[in-house]
**Q** 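I'd like to ask some things about the structure below.
The shown structure was predicted, so the numbers you read here are calculated from the model rather than taken from an experiment. All chains are named by letter (A, B, ...) in the order of the sequence lines, taking the proteins before the strands, and each is independently numbered beginning at 1.
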Amino acid sequence: MHILLASGDDGTVHLARLDASGVPLGEPWQLSRAALPKEVSDLEATEQPRWVWDSSSEMYPPLLAAGVRLGRCHDVTLARTILRFSQLVQDSSYAALATELTGSPAYPVTEDTPLEDLQESLFEAPRHRRTAGEIRAEFAAQLDAVQSSRAPVRLRLLLAAESAASLVAAEMQSLGVPWDPQVHRELLSDALGPEPAPGRPPARMEELAQQLRAELRAPQLNPDSPQDLLKALHRNGIEVRTTRQWELQSFNHPAIAPLLEYKKLARLYTANGWAWLEAWIRNGRFRPDYVVGGVVTGRWASRGGGALQIPRTVRRAARALPGYKLLVADASQVEPRILAAMSGDAGMAAAAREQDLYAEIADAGFGGSRSSAKVALLGAMYGATTGESARLMPQLRKLYPRAIALVEDAARQGERGESVSTWLGRSTPPPGPEWDAAQRTQSQEEQRRADAWARSRGRFTRNFIVQGTAAEWAECWLAGIRSRIAAFEAPEGHEETVFPPTGPAELVFFLHDEIMIHAPAELIPRCVAAVEEAAREAGRLLFGKAPVDFPLTVAVVDSYDQAK
DNA sequence: CACCCCCGCGCG
DNA sequence: AAAGCGCGCGGGGGTG
């Protein structure tokens, strides 16, 4: 059973039961926003429907805030993003509708984009709220596009995983990562000195800057300015091309140590200092916005607070509450395992049945050198063209011909301007107007740029199939964890605690191939089992009985820095 | 002043 | 060692 949920213009909400093809069943009804949580909660309990709506990010947070957790949904907007480009969708009528609805051309906008393609989206009035009828019609068209596609089972799984992920993201945002501001303040003052007055640099940074100005004999030096810094370094015979730390490291000069230290502290101060704490920690929780499907490959993105870049140095401040633990689980070496499973390369799959895939590959063909095996494999998935990685490619190709052929084929297709797809059917957006322009090049210089562009596109498509399929595995994993821990009840001794609508075990963080659960200590063993079962299930959902494992590294800790 | 790009660095 | 993929963010430094 599906139930459609759509906001009206007048503060009401429209509901309608839909059958398996999205056709209305019975009469639609409507109610006030205030009455919605009760109604939705009752329907969830009695019918366990799949909720159909324009967007989870818009509809679900208010329900969560009112104490309502939902089991399943179909996010029409996320489904559109997938289906409009998917090569598995054969009937182009939905793709055309989807492109129209996104209000932007089907290719990325650049300075060469014809003005008429942009005008509509730039100058149209604020987008009107989509009516229940429009959302229902699009939902039905999406079901039809999937049904008539080349691989309905895969696409259905992808859309279900993406929608489940959208529920996870809203729940994570409402829960937040438990964050101890006191611990954070302590680590800041340990590293930087006491909190400076507004507009003043921290004491420790100021000391280092002075030391640097003395060593480089540059009394006016602003170490935050790469241009300024580069000039000062050159004047002192330090012939770096850039001011990146790895390049500075190789120079032996008394200014290098304080400069590297300054850069480290400056990063901590600007990215995760007192201002960050003030802006992002409320009531002991870090609550960033997660953007499901925000990356072309299907990975999540985030907005605000640098949620997907929490540096190791501040992870000590992410701490379980008293009586709770953090369960941090990450999937080891996901991308090479995905490559092994997708390509059906028997040799690589054998390595991917072991705990340490790189070590197996090292033994199989790199004289036991794990680092060589790792560099070679990463190079194959990223498209390395120079250095050790490129040198090791022939050996890797000899060992695992099918796996390497898969990524090489994806690269060739990208270079020709074609699209490629993940295992479940998310495809690259078409290359856009700069590719068309490159086809009409005249001069040698233009030809050289066009070739460079094609190689770059090839590296992108090569990586896309692997990174994107890994993201699909991870969303299936997330969905499986979510549904398992939702059933957990409060352990004894917590009778008085008021738990969030998602229950006592809180799925609070996700980072590409890693999850964090914050749960009462008594529930942790069951959470560990849930996380491991869900990983096995994700492997089966994508690849059936394919002989590849996705082992996890699981840590039960009091603070995030203790994991790994 | 707002807006944009580049740089550098954090994460996977 | 720092290449080869995908991101977000803050600061400098330029533009209109």
**Q** When all nucleic acid strands are considered with a 4.0 Å heavy-atom cut-off, which category describes A:Arg315: base, sugar-phosphate, or nothing?
**A**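 Sugar-phosphate contact only.
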**Q** Could you give me the stems involving DNA chain C, meaning stretches of three or more consecutive Watson-Crick or G-U wobble pairs whose two defining distances are both below 3.5 Å?
**A**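 Output for stems: B:1-12 with C:5-16.
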**Q** How would you list, by chain and number, every residue that makes a ring pair (Phe, Tyr, Trp, His ring centres under 6.0 Å) with A:Tyr269, sequence neighbours excluded?
**A**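 For A:Tyr269, no residue satisfies ring pair (Phe, Tyr, Trp, His ring centres under 6.0 Å) once neighbours in sequence are set aside.
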**Q** Sequence neighbours left out, what passes side chain to side chain donor-acceptor pair (under 3.5 Å) with A:Arg455? Give chain and number order.
**A**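 Applying side chain to side chain donor-acceptor pair (under 3.5 Å) to A:Arg455 gives none.
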**Q** Residues of residues 355-369 of chain A with any non-hydrogen atom less than 4.0 angstrom from an atom of DNA chain B: list those, numerically ordered, please.
**A**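 Those residues: none at all.
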**Q** Can you tell me how far P of B:dG12 sits from CG of A:Leu378, to the nearest Å?
**A**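 About 14 Å, once rounded to whole Å.
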**Q** Please find the earliest and latest nucleotides of DNA chain C, in the 5' to 3' direction, that have an atom within less than 4.0 Å of any heavy atom of chain A.
**A**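 Reading along DNA chain C, I get C:dA1 to C:dG13.
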**Q** Rounding to an integer number of Å, can you tell me how far A:Tyr290 OH sits from B:dC11 C1'?
**A**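 That distance rounds to 13 Å.
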**Q** What parts of residues 200-210 of chain A reach DNA chain C, counting only heavy atoms under 4.0 Å away?
**A**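 Output list: empty, so none.
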**Q** Using the test side-chain contact (heavy atoms from CB on, under 4.5 Å), find all partners of A:Thr385 that sit at least two apart in sequence or belong to another chain.
**A**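 So A:Thr385 forms no side-chain contact (heavy atoms from CB on, under 4.5 Å) with any residue.
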**Q** By a strict heavy-atom criterion of less than 4.0 Å, which residues belonging to residues 393-426 of chain A are in contact with DNA chain C?
**A**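 Result for residues 393-426 of chain A: none.
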**Q** State which residues pass side-chain contact (heavy atoms from CB on, under 4.5 Å) with A:Arg536; sequence neighbours excluded, sorted by chain then number.
**A**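 Partners of A:Arg536 under the side-chain contact (heavy atoms from CB on, under 4.5 Å) test: A:Glu532, A:Glu533, A:Arg540.
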**Q** Looking at DNA chain C, which of residues 237-268 of chain A put a heavy atom within less than 4.0 Å of it?
**A**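 Those residues are A:Trp246, A:Arg267.
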**Q** Any base atoms under 4.0 Å from A:Asp228, or only sugar-phosphate, or nothing? Heavy atoms, all strands.
**A**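 The answer is nothing, as A:Asp228 stays clear of every strand by at least 4.0 Å.
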**Q** Heavy atom of residues 292-306 of chain A under 4.0 Å from DNA chain C: which residues?
**A**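 Result for residues 292-306 of chain A: A:Val295, A:Val296, A:Arg299, A:Ala301, A:Ser302, A:Arg303, A:Gly304, A:Gly305, A:Gly306, sorted by number.
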**Q** Using the side-chain contact (heavy atoms from CB on, under 4.5 Å) criterion, which residues pair with A:Ser225? Sequence neighbours excluded.
**A**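 With neighbours one apart ignored, the set is A:Asn222, A:Gln227, A:Asp228.
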